[in-house]
Amino acid sequence: MLAARDRVTMCFAHGAYRMAQRFALRDTGIAHIEVRTPEELARYLPEADVLVVSGLWNNNLVANAPKLRFIQSISAGTDQYDKALLRERGIRLASAAGVNAEAVAQHAMALMLALFRRLPEARDNQHARRWRPMIGDIATREDQLTGKTLLIVGMGRIGGRLARLARAFEMRVIATKRDPSTGADGADAVHGNDRLQELLGQADVVALTCPLTPETEQLIDAAALAAMKPSAYLVNVARGRVVHEPALIEALQQRRIAGAGLDVTHEEPLPATSPLWTMPQVLITPHSAGETQRYEDAVIDILLENLARLWRGETVLRNQVV
């Protein structure tokens, strides 16, 4: 059971987000502290009943958290948590799923537009003070999204929002999802995951918006990349491990696909030695697709709702994971 409201201690743990600052504005009266480093988290966690965390989490911390009863993940993804261990220790877990769906969908759209309009090249030319002449080769010229086919892999909140944005650009949108019977959610057609391989060849853009699961890990491998059109782009705003990165690098080096927009990579930060850094047909953003100036407040909304449910003795949490 979670301690009473006037006895709860909450720990916010994140290297960048201003969670405690935004939480204090709610005037809840709940005692809380904020830490920024793994060392600070390990020091203060033994006193915490509630932990609000994402990237600083380490499953070994559980052994030193005797009072911990609830973790509110700051991130939508929860693959970093050992769910079985949390169940064994009686620690509840909820995600922040949905808080940044709009931001991630818009970011995916921005990556698509940037690749088709050759904006990274334009920025490089600006730095070099070079006015590039018009491109005579039709196949390598800037292009428009209108009439192109977008394949969305994973039609959850983000995928559904991306579908509606793409339709506004008059794109044809097809998608895969685990249960296509639940509806198209803005796509022209939605299919089961087992149809992915045959759909890849139809797409001008393949956008990954799926969660990382045992089924989706390295889903986009050499065979999947070989099934894509040479003129197609891959956009990944899901998780880096959904893509087999060595196969992607090889496909890009051999020009078997046109390029990639990557917000996530297998290892983060992306190692300086990665060939992806210097590929002109690759646009990389630092896992920032979900960033928005309302992020902290949106997570706190979920946190406060879940605390209220726990204090009422309810067993189901918003965005419940454990």
Side-chain angles (χ1 to χ4, degrees), residues 73 75-79 94-113 115-116 145-221 223-225 227-229 232-244 257 260-264 287 289-290 292 298 302 318-321:
S73 179
S75 62
T78 58
D79 47 280
S95 79
V99 299
N100 59 1
E102 182 67 36
V104 176
Q106 289 186 22
H107 196 92
M109 203 74 218
L111 290 173
M112 291 162 53
L113 285 163
L115 290 167
F116 273 87
L145 296 180
T146 305
K148 296 291 191 293
T149 295
L150 169 63
L151 169 59
I152 299 174
V153 180
M155 278 291 282
R157 294 180 178 95
I158 296 168
R161 183 57 188 152
L162 177 58
R164 290 187 286 276
L165 291 174
R167 289 288 297 275
F169 282 84
E170 299 182 17
M171 298 184 77
R172 172 178 174 249
V173 181
I174 55 178
T176 62
K177 64 189 303 188
R178 185 178 56 82
D179 183 4
S181 68
T182 56
D185 198 18
D188 294 287
V190 62
H191 307 274
N193 294 335
D194 59 335
R195 299 278 303 278
L196 174 63
Q197 200 71 13
E198 65 183 272
L199 296 172
L200 287 167
Q202 300 181 32
D204 299 294
V205 184
V206 177
L208 308 178
T209 61
C210 54
L212 178 63
T213 67
E215 293 72 33
T216 63
E217 186 161 5
Q218 297 193 7
L219 179 68
I220 304 301
D221 55 10
L225 292 161
M228 292 173 60
K229 296 192 292 189
Y233 292 95
L234 178 70
V235 169
N236 189 5
V237 292
R239 286 291 186 269
R241 281 158 44 204
V242 174
V243 177
H244 186 265
I257 63 172
L262 307 174
D263 183 59
V264 289
H287 204 145
T292 169
I302 298 174
R318 179 177 170 186
N319 291 348
Q320 176 176 310
V321 180

Counting N and O atoms only, with roles assigned by atom type, does the side chain of Ser95 sit under 3.5 Å from a partner on the main chain of Ser73, one being a donor and the other an acceptor?
no
For Gln197 and Ala223, indicate whether the former's side chain and the latter's backbone hold a donor-acceptor pair under 3.5 Å.
yes
About how many Å separate CG of Leu145 and CG of Leu150, when rounded to the nearest 0.5 Å?
9.0 Å
Where the side chain of Lys177 meets the backbone of Gly183, is there a donor-acceptor pair that is under 3.5 Å apart?
yes
How long is the gap from CD1 on Ile220 to CG on Leu196, to the nearest 0.5 Å?
5.5 Å
With distance as the sole test, does Asn236 use its side chain to make a donor-acceptor pair with the main-chain N or O of Leu262 at under 3.5 Å?
no
Salt-bridge present (Asp185, Arg164; N to O < 4.0 Å):
yes
Could you pull out the closest heavy-atom pair between Asn100 and Ala76, with the gap in Å?
OD1-CB, 4.5 Å
If you compare all heavy atoms of Ala163 against all heavy atoms of Met155, which two are closest, and at what distance to 0.1 Å?
CB-CE, 4.1 Å
Give a yes or no on whether the backbone of Arg172 and the side-chain of Asp188 come within a donor-acceptor separation of less than 3.5 Å.
no
Measuring only between side-chain heavy atoms, which start at C-beta, is Val104 closer than 4.5 Å to Thr209?
no
I'd like to know whether Asn193 forms a side-chain contact (heavy atoms from CB on, under 4.5 Å) with Glu215, so could you lay out the CA-CA distance, the side-chain angles of the two residues, the decisive distance to 0.1 Å, and finally the verdict.
CA-CA 10 Å; Asn193 294 335; Glu215 293 72 33; over 6 Å; no
Taking all non-hydrogen atoms of both residues, which atom of Lys229 and which atom of Gln202 are closest, and how far apart?
NZ-O, 4.0 Å
Looking at Ala232, is its backbone amide N or carbonyl O close enough to the side chain of Asp204 to form a donor-acceptor pair, meaning the two atoms are under 3.5 Å apart?
no
CZ of Arg157 to CZ of Arg161, rounded to nearest 0.5 Å, is 14.5 Å
Got Phe169 and Met112 here, is their nearest side-chain heavy-atom distance under 4.5 Å?
no
Can you give me the closest heavy-atom contact between Leu199 and Ala175, atom names plus distance?
CD1-O, 4.4 Å
How many angstroms lie between CG in Leu165 and CE in Met109, if you round to the nearest 0.5 Å?
6.5 Å
So which heavy atom on Arg239 is nearest to which on Val264, and how close?
C-CG2, 3.5 Å
I need the minimum non-hydrogen distance between Ala96 and Asn319, along with the two atoms involved.
C-ND2, 3.8 Å
Quick one: pull up OG1 in Thr213 and CZ in Arg178 and give me the separation to the nearest 0.5 Å.
10.0 Å
Short side-chain to backbone donor-acceptor contact, Thr216 and Val242, under 3.5 Å:
no
For His244, check side-chain contact (heavy atoms from CB on, under 4.5 Å) against everything at least two apart and list the hits.
Gln218, Asp221, Pro246, Ala247
Drop me the distance from Leu151's CG to His191's NE2, to the nearest 0.5 angstrom.
8.5 Å
Side-chain (Asp79) to main-chain (Leu212) donor-acceptor, under 3.5 angstrom:
no
